[in-house]
Amino acid sequence: MPDYTRADVKARAREQWRGACNVTLPSFTADFSSLNEEGIRHDVRRAAELGFWGTLVASECGTTDEEYLRFLEVALEAAPAGFRIVSHLSFDTTEQIVRVARRSYEMGAEAALLSYPPSFVPATPQEIADWTADVAQASDVALIMFAVMTWGFKRLDPSGFPKSALERIVGLDTAAALKFEIGGPATMTAFSDALHSYGDRILVENPMEQYLPVQFRDFGVRWIGTSAYESFGGRVPEIFRLLEAGENDKALEVFWSYQAGREAKGAFHASFAGAGLIHRVGWKYLGWLNGFNGGLLRMPQMRLNPGQMKSLRAGLAGSGFDLPADDAAFYAGRVG
């Protein structure tokens with residue numbers, strides 16, 4: 001069991017959540033028949049070594065429900081003291097989400113990132129608020145609420161997520177943070193409004209690392225997540241450390257040091273815009289280039305072709321990262 005109750009969630013997040021939460025994707029055995037547990041342990045320890053606050057144990061990557069729970073358990077076992085594990089409540093049904101939320105709390109997860117299942121098609125903002133409240137009431141786990149265009153709620157509000165629903169959601173007692181990615185081309189206006197509207201009740205943050213300096217200095221954000229910050233090794237945690245120390249010029253020097261990598265990853269993401277999916281294999285590759293296990297995911301997944309790998313590698317090479325000589329070892333992974 002974790003060392004907090006639902007009554008502690010909001011104060012705990014505000015007092016203890018500092019830094020960046022990266023993402024751990026599952027590793028599988030060579031025949032894809034089961035989890036590669038040593039590969040998972042390697043990735044959790046690598047994230048801690050690089051200075052991340054914690055890691056999201058990602059679903060949506062080909063695991064069964066039981067495999068996901070084992071994936072979460074392995075990550076919790078591997079986590080060094082003080083390194084937080086966040087579960088990922090992204091499944092087909094509400095029942096699956098509630099089950100994993102409850103098990104996450106029982107197993108000792110710090111928090112859980114809440115997603116809306118594709119089967120949930122609300123007709124009103126009230127339905128969004130009610131569904132979210134019901135899930136929150138079903139478990140004591142701290143929740144990272146997630147406002148993103150992916151849910152398809154733009155038909156109910158031009159910003160991408162109805163403000164009337166958010167007003168109720170942020171007040172839920174287990175609502176620890178709001179991962180805020182709506183607004184489209186007006187992202188920062190939407191974010192500023194959210195911070196001023198809800199910041200006294202919940203941690204509000206945009207997880208995109210390109211907004212880290214402005215969020216830290218101008219909006220007082222001290223925690224961001226979840227995203228594949230490991231794509232850039234340990235530089236995002238380094239920026240956090242320098243900003244916390246008041247060394248703004250050095251922080252920005254590190255921030256701009258991997259602009260070539262940032263641009264390469266941005267171009268890669270633009271290549272699958274509109275798919276409604278994240279290219280998780282591409283994330284695995286970027287992580288592998290920075291010392292993580294690597295390896296492929298179970299199908300169905302978007303394929304990573306050699307041209308994409310070449311572009312991503314070139315961006316990191318241009319940012320001064322120490323990379324493997326070639327990509328041959330990526331497919332099998334480093335461990336197991």
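By the 30° and 60° cut-offs, the orientation of the rings of His279 relative to Phe268 is tilted. Phe52 and Tyr229 have parallel rings, their planes meeting at less than 30° on a 0 to 90° scale where 60° marks the start of perpendicular. Taking the six-membered ring where the residue is Trp, Phe32 and Phe28 present tilted rings, their angle falling between 30° and 60°.
Looking only at distances, a side-chain donor or acceptor of His88 sits under 3.5 Å from a matching main-chain atom of Ser59. Checking side-chain atoms of Arg334 against main-chain N and O of Phe330 turns up no donor-acceptor pair under 3.5 Å. Looking at Ser319, its side chain never comes within 3.5 Å of a backbone N or O of Phe321 through a donor-acceptor pair. Panel note: side chain Arg84, backbone Gly54; no donor-acceptor pair is recorded below 3.5 Å. At least one donor-acceptor pair closer than 3.5 Å links the side chain of Gln96 to the backbone N or O of Asp92. Judged by distance alone, the side chain of Arg6 and the main-chain N or O of Asp173 form no donor-acceptor pair under 3.5 Å. Distance alone, capped at 3.5 Å, places no donor-acceptor pair between the Asp157 side chain and the Phe153 backbone. Side-chain atoms of Arg14 never come within 3.5 Å of backbone atoms of Val9 as a donor-acceptor pair (strictly under, hydrogens ignored). Under the 3.5 Å distance criterion, the side-chain polar atoms of Thr187 are matched with a main-chain donor or acceptor of Gly184. Put simply, the side chain of Arg102 gets close to the backbone of Ala138: a donor and an acceptor are under 3.5 Å apart.
Following chains of ILVMFWY side-chain contacts shorter than 4.5 Å, one cannot reach Val121 starting from Phe161, and the two form parts of different hydrophobic clusters. Val335 and Leu35 are not part of a single hydrophobic cluster, where members link through side-chain heavy atoms under 4.5 Å apart. Ile278 is connected to Phe180 through a chain of hydrophobic side-chain contacts under 4.5 Å among Ile, Leu, Val, Met, Phe, Trp and Tyr, so both are in one cluster. Clustering ILVMFWY residues whenever any of their side-chain heavy atoms sit less than 4.5 angstrom apart, transitively, puts Phe232 in the very cluster that holds Tyr211.
Under the 3.5 Å distance criterion, with hydrogens and angles disregarded, no donor-acceptor pair is assigned to the side chains of Ser311 and Gln308. Remark: the Ser90 side chain and the Tyr116 side chain contain no N/O donor-acceptor pair separated by less than 3.5 Å. With hydrogens and angles left out, the side-chain atoms of Asp140 and Tyr4 include no donor and acceptor closer than 3.5 Å. Side-chain atoms of Glu230 and Asn22 form a donor-acceptor pair, as typed in the model, at a separation below 3.5 Å. For the residue pair Thr24 / Asp43, no side-chain donor-acceptor distance below 3.5 Å is found, with atom types taken as modelled. Counted by atom type alone, Lys10 and Thr174 present zero donor-acceptor pairs between their side chains at under 3.5 Å.
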N/O donor-acceptor pairs under 3.5 Å from side chains in residues 252-266, not counting sequence neighbours:
residue: Ser257; atom: OG; partner: Arg235; partner atom: NH1; Å: 2.8
residue: Ser257; atom: OG; partner: Val254; partner atom: O; Å: 2.6
residue: Tyr258; atom: OH; partner: Glu209; partner atom: OE1; Å: 2.7
residue: Tyr258; atom: OH; partner: Arg262; partner atom: NH2; Å: 3.2
residue: Gln259; atom: OE1; partner: Arg262; partner atom: NH1; Å: 2.6
residue: Gln259; atom: NE2; partner: Glu263; partner atom: OE2; Å: 3.4
residue: Arg262; atom: NE; partner: Glu209; partner atom: OE1; Å: 3.4
residue: Arg262; atom: NE; partner: Glu209; partner atom: OE2; Å: 2.8
residue: Arg262; atom: NH1; partner: Phe255; partner atom: O; Å: 3.3
residue: Arg262; atom: NH2; partner: Glu209; partner atom: OE1; Å: 2.9
residue: Arg262; atom: NH2; partner: Phe255; partner atom: O; Å: 3.1
residue: Lys265; atom: NZ; partner: Ala228; partner atom: O; Å: 3.2
residue: Lys265; atom: NZ; partner: Ser231; partner atom: OG; Å: 3.0

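Between Arg241 and Glu244 there is no salt bridge, since none of the side-chain N atoms of the basic residue sits less than 4.0 Å from a carboxylate O of the acidic one.
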Quiz item: Run the side-chain hydrogen bond (donor to acceptor under 3.5 Å, both in side chains) check on Ser27 and Asn293 step by step: do they pass?
Solution: CA-CA 8 Å; Ser27 289; Asn293 186 52; 2.9 Å; yes
Exercise. Take Trp17 and Glu110 through the side-chain hydrogen bond (donor to acceptor under 3.5 Å, both in side chains) test and state the conclusion after the steps.
Key: CA-CA 10 Å; Trp17 291 19; Glu110 176 72 17; 2.9 Å; yes
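Remark: Leu156 CG to Ile128 CD1 distance equals 5.0 Å, nearest 0.5 Å. Between the CG atom in Leu203 and the CG atom in Leu195 there is a gap of 10.0 Å [rounded to 0.5 Å].
Sparse packing is recorded around CG of Asp249, with 12 or fewer heavy atoms of other residues, nucleotides or ligands lying under 6.0 Å away. Counting heavy atoms of neighbouring residues, nucleotides and ligands inside a 6.0 Å radius, atom CZ of Arg298 exceeds 12 of them.
Centroid-to-centroid, the aromatic rings of Phe120 and Trp151 stay 6.0 Å apart or farther.
Residue pairs meeting the side chain to side chain donor-acceptor pair (under 3.5 Å) criterion with at least one member in residues 213-226, sequence neighbours excluded: Lys179-Thr226.
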